[in-house]
Amino acid sequence: MRHSILNLEESKIREVANAGMGRSDVLAFWFGESDEVTPDFIRQAAIESLQQGETFYSHNLGLPELREAVSRYMSDLHGPIAADRIAVTSGGVSALMLAMQMLVDAGDRVVAVTPVWPNLTAQPVILGAELHCVALQPQANGAWALDMPQLLAAITLDTKLLILNAPNNPTGWTLTRVEQQTILDHCRSTGTWVLADEVYERLYYEPSPNGCAPSFLDVAEPDDRLVVVHSFSKSFLMTGWRLGWLVMPASATPHMGKLIEFNTSCASVFVQRAGIQALQRTDEITPRVVAHLKQCRDTLVPLLQAVPGIQVAPAKGGMYAFFKLEGHSDSLLTAKRLVAEAGLGLAPGNAFAPQAQGWLRWCFASQNLQRLEHGVERLKKWAII
């Protein structure tokens with residue numbers, strides 16, 4: 001077996017969750033998903049597809065109808081994006097791995113901005129890349145910020161790929177359009193590809209003319225060395241469906257089709273039909289989801305801020321409160337203790353980067369605001385003991 005696989009760390013998020021799964025007394029906020037079921041009209045589209053016997057392969061790059069629907073959706077947000085730049089994938093995770101397989105050879109230098117969802121740093125390591133991390137810096141108010149000079153210095157002429165996730169999981173940090181332009185200009189000068197994980201772009205709580213966070217697609221040219229990853233999971237309440245897409249230069253799309261063939265062949269047709277329905281009725285889903293998540297954030301964060309010893313800032317985007325609990329420096333141990341002793345399931349900060357040791361991530365995507373309130377009460381009681 002390859003050494004990179006033998007030495008691959010298990011997800012610390014899963015490690016905590018596995019310790020509490022099956023316990024009815026645990027309030028679980030460890031995974032990054034809403035507890036709201038996918039809207040019925042999306043589910044019905046999949047059911048109708050199955051009833052019509054659509055149980056066969058589709059095109060590697062996805063149903064033409066879905067690629068056109070994604071093209072219209074993305075164009076409404078970011079200006080013209082042709083369907084020949086779109087590839088449909090079996091989930092956002094698969095989209096990320098496919099992009100890295102397309103861009104990274106063993107031994108290539110890859111730079112990633114952390115803290116970040118651990119898949120984004122594990123995938124290049126699995127491929128044998130040389131990973132270099134540039135850490136966001138925690139601020140006094142609990143927010144995180146990018147040291148731009150440090151990042152640009154890390155992106156050298158021999159850097160093959162830069163990985164960015166903004167809005168960021170877990171910190172809620174976002175890039176400004178000016179920062180994106182600065183990064184893109186620098187990467188043009190070094191010949192570096194940018195892989196932008198923008199799955200949380202619609203879960204954005206700041207004023208915005210197009211209802212989403214700043215995107216690299218807003219400042220890039222169609223043939224720039226840029227691949228943007230999206231997913232139906234968060235904004236459309238479709239985590240379990242495993243459906244995502246990639247935006248890339250049109251010249252790269254046929255090569256992505258080859259990679260999809262050798263990974264998954266294609267996304268399931270009935271799932272793609274559900275995706276088409278989701279995009280056609282996005283105005284009935286996403287604005288409501290975002291409004292509710294903002295309410296969740298604005299319920300949870302003040303309650304956490306009122307707990308002595310907690311350092312936290314409201315996230316600008318995403319679905320997480322990322323906070324530091326004074327006196328508890330080992331995130332994994334703290335998260336496991338919270339499960340065992342308080343019945344509270346959170347994700348450990350050091351799952352996302354060593355620099356996030358001592359921090360905890362709380363997914364606030366809950367239909368019931370009282371669950372958030374009860375969770376804080378459990379945390380407060382445990383922290384005081």
Side-chain angles (χ1 to χ4, degrees), residues 11-20 23 25-32 113-118 133 135-147 167-174 205 293-366 368-385:
S11 167
K12 292 182 177 66
I13 305 170
R14 280 283 179 182
E15 189 175 340
V16 173
N18 289 342
R23 282 183 48 183
D25 63 324
V26 173
L27 291 175
F29 303 101
W30 40 48
F31 293 144
V113 175
T114 59
V116 74
W117 183 49
C133 295
L136 301 170
Q137 302 299 315
Q139 308 299 293
N141 64 352
W144 292 68
L146 175 66
D147 184 331
N168 176 256
N169 170 14
T171 67
W173 162 77
T174 61
Y205 312 116
L293 288 177
K294 186 176 185 298
Q295 187 179 14
C296 291
R297 182 199 69 168
D298 293 346
T299 297
L300 177 62
V301 171
L303 291 174
L304 288 174
Q305 290 173 331
V307 177
I310 282 186
Q311 182 180 338
V312 63
K316 293 181 179 180
M319 54 172 62
Y320 310 105
F322 200 52
F323 66 95
K324 189 172 186 178
L325 182 58
E326 185 179 339
H328 298 274
S329 58
D330 187 326
S331 296
L332 183 59
L333 176 62
T334 301
K336 287 183 174 181
R337 286 188 59 196
L338 281 168
V339 170
E341 300 168 15
L344 181 62
L346 305 177
N350 61 333
F352 305 94
Q355 294 82 5
Q357 182 68 278
W359 294 70
L360 296 163
R361 189 195 72 175
W362 186 316
C363 178
F364 53 67
S366 177
N368 185 348
L369 297 179
Q370 283 191 326
R371 283 187 78 244
L372 302 174
E373 295 168 357
H374 292 159
V376 175
E377 286 302 315
R378 293 187 183 190
L379 175 64
K380 186 188 303 182
K381 182 178 179 180
W382 179 85
I384 292 173
I385 292 175

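Distance check: Asn18 CG to Lys336 NZ gives 9.5 Å after rounding to the nearest 0.5 Å. We find the CD-CG distance between Gln295 and Leu372 to be 10.0 Å, quoted to the nearest 0.5 Å. Taken to the nearest 0.5 Å, the NZ atom of Lys316 stands 12.5 Å off from the CG atom of Asn168. To the nearest 0.5 Å, atom CD of residue Glu373 and atom CG of residue Leu303 are 6.0 Å apart. If you take CG on Asn368 and CG on Leu27, they are separated by 9.5 Å, rounding to the nearest 0.5 Å. A distance of 11.0 Å separates CG of Asp298 from CG of Leu293, quoted to the nearest 0.5 Å.
Taking all atoms of both residues into account, the shortest heavy-atom contact from Val301 to Ala321 is CG2-CB, 4.5 Å. The minimum heavy-atom distance linking Gly345 with Val26 is given by the pair N-CG1, 4.0 Å. In terms of heavy atoms, Cys296 sits closest to Ser366 at SG-O, 3.2 Å. Smallest separation of non-hydrogen atoms from Arg378 and Asp25: NH1-O, 2.7 Å. Here the shortest heavy-atom pairing between Val376 and Val307 reads CG1-CG2, 4.0 Å. Nearest approach of Gly172 to Ala315, heavy atoms of both residues: CA-CB, 3.7 Å.
Looking at Gln305, its side chain never comes within 3.5 Å of a backbone N or O of Gln311 through a donor-acceptor pair. Remark: side-chain polar atoms of Thr114 are not paired, donor with acceptor, to backbone N or O of Val116 under 3.5 angstrom. Checking side-chain atoms of Gln357 against main-chain N and O of Ser331 turns up a donor-acceptor pair under 3.5 Å. Side-chain atoms of Asp330 come within 3.5 Å of backbone atoms of Leu333 as a donor-acceptor pair (strictly under, hydrogens ignored). With hydrogens and angles ignored, the 3.5 Å screen pairs no side-chain donor or acceptor of Glu326 with any backbone N or O of Lys324. With hydrogens and angles disregarded, no donor-acceptor distance shorter than 3.5 Å links the side chain of Tyr205 to the backbone of Pro314. Formation of a donor-acceptor pair under 3.5 Å by the Gln139 side chain with backbone atoms of Ala313 is not found in this model.
Phe322 and Trp359 have parallel rings, their planes meeting at less than 30° on a 0 to 90° scale where 60° marks the start of perpendicular.
Within the 4.5 Å cutoff, side-chain heavy atoms of Arg23 are placed close to those of Val339. Put simply, the side chain of Leu369 does not reach to within 4.5 Å of the side chain of Leu300, judged on heavy atoms. At a threshold of 4.5 Å between non-hydrogen side-chain atoms, the residues Ile310 and Leu379 count as touching. Residues Pro118 and Phe352 form a side-chain contact, since some pair of their non-hydrogen atoms from C-beta on lies under 4.5 Å apart.
The 12-atom threshold is exceeded at NZ of Lys12, counting heavy atoms of other residues, nucleotides or ligands nearer than 6.0 Å.
With Trp362 as the fixed residue, the ring pair (Phe, Tyr, Trp, His ring centres under 6.0 Å) test singles out one of Phe29, Trp30, Phe31: Phe29.
Note that Arg297 lies outside the cation-pi zone of Phe364, set by a 6.0 Å cut-off to the ring centre and a 45° limit from the axis.
Every residue two or more places apart in sequence or in another chain was checked for a salt bridge (Lys or Arg N to Asp or Glu O under 4.0 Å) with Arg14, and none qualifies. Remark: Asp147 engages Pro149, Gln150 in a side chain to side chain contact (heavy atoms under 4.5 Å, CB included) (not counting sequence neighbours). The salt bridge (Lys or Arg N to Asp or Glu O under 4.0 Å) search around Glu341 returns Arg337, not counting sequence neighbours.
A salt bridge links Glu377 with Lys380: at least one charged nitrogen is closer than 4.0 Å to a carboxylate oxygen.
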Would you please test Leu136 and Thr171 for side chain to side chain contact (heavy atoms under 4.5 Å, CB included) and show each step? CA-CA 9 Å; Leu136 301 170; Thr171 67; 3.9 Å; yes

